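Inspection log for the structure reproduced underneath, given as structure tokens.
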Amino acid sequence: MTTTVELTRFRVSPERATHLLAARPGMLADFRADRAGFLGARLVRLPSDEWLDIVEWRTPEDFAASRAKGGNLPGIRAFFDLIDELVSAEAGPTADSESRS
């Protein structure tokens, strides 16, 4: 099964990193409750106060619908509000056999 993977790289100041991690469960709970096609997410801590959020969606349409909603729920908004700078955002279909089915 081909899915869509969203890759969002962003910066968070070191003093806000603990708050970001504390806000993550609420964001994920809101995604599960409100975002059709949300399959899961992984957050990767990178050097230089950067983070990579890897989010998997069932279809590109599910991803587009989620983007249109933005930070519409408190848990999502709380997480987004801790991001200091967006570095990059892109998405594409999976191309390997390890995709979720």
Side-chain angles (χ1 to χ4, degrees):
M1 175 179 161
T2 299
T3 61
T4 296
V5 177
E6 169 191 6
L7 303 168
T8 305
R9 192 170 179 145
F10 57 89
R11 285 193 179 91
V12 174
S13 60
E15 58 274 4
R16 295 170 69 143
T18 301
H19 300 292
L20 181 84
L21 293 172
R24 184 69 171 184
M27 185 208 83
L28 293 174
D30 281 355
F31 265 46
R32 286 184 194 99
D34 185 59
R35 307 293 166 108
F38 172 71
L39 299 176
R42 305 281 308 256
L43 186 62
V44 181
R45 190 175 206 159
L46 302 169
S48 302
D49 304 322
E50 288 190 7
W51 298 77
L52 177 65
D53 204 354
I54 305 166
V55 183
E56 195 168 7
W57 300 95
R58 186 179 51 226
T59 67
E61 294 79 17
D62 291 332
F63 169 57
S66 175
R67 285 192 71 161
K69 287 184 175 186
N72 66 322
L73 294 176
I76 298 168
R77 189 169 35 258
F79 183 84
F80 287 177
D81 285 349
L82 291 164
I83 295 172
D84 293 317
E85 177 188 354
L86 178 65
V87 175
S88 64
E90 55 193 326
T94 54
D96 64 6
S97 61
E98 294 297 317
S99 299
R100 296 175 193 221
S101 51

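Throughout, residue positions are numbered sequentially from 1 according to the sequence presented. Remember, predicted model here, so these are calculated numbers, not experimental data.
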Electrostatic pair D53-R24, nearest N-O below 4.0 angstrom: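 Salt bridge flag = yes for R24 with D53.
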pair R42-E56: side-chain heavy atoms closer than 4.5 Å: no
D62 and T4, any side-chain heavy atoms less than 4.5 Å apart: no
Check: S48/E50 side-chain N/O donor and acceptor closer than 3.5 Å: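 On atom types as modelled, these side chains do not qualify, holding no pair under 3.5 Å.
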Short side-chain to backbone donor-acceptor contact, R35 and S66, under 3.5 Å: yes
From CA spacing to verdict: side-chain contact (heavy atoms from CB on, under 4.5 Å), M1, R58: CA-CA 9 Å; M1 175 179 161; R58 186 179 51 226; 3.8 Å; yes
Within residues 64-77 or reaching into it, pairs that qualify as salt bridge (Lys or Arg N to Asp or Glu O under 4.0 Å) - sequence neighbours excluded: D34-K69
With T2, the side chain to side chain contact (heavy atoms under 4.5 Å, CB included) member among D96, T94, T59: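 That would be T94.
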Remaining members of the apolar cluster that contains F38, side-chain heavy atoms under 4.5 Å: F10, V12, L20, L21, M27, L28, F31, L43, W51, V55, W57, F63, L73, I76, F79, F80, L82, I83
V44 reachable from L7 in the ILVMFWY side-chain graph, under 4.5 Å edges: yes
Which residues share a side-chain hydrogen bond (donor to acceptor under 3.5 Å, both in side chains) with D30, sequence neighbours left out: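 Checked D30 against side-chain hydrogen bond (donor to acceptor under 3.5 Å, both in side chains); zero matches.
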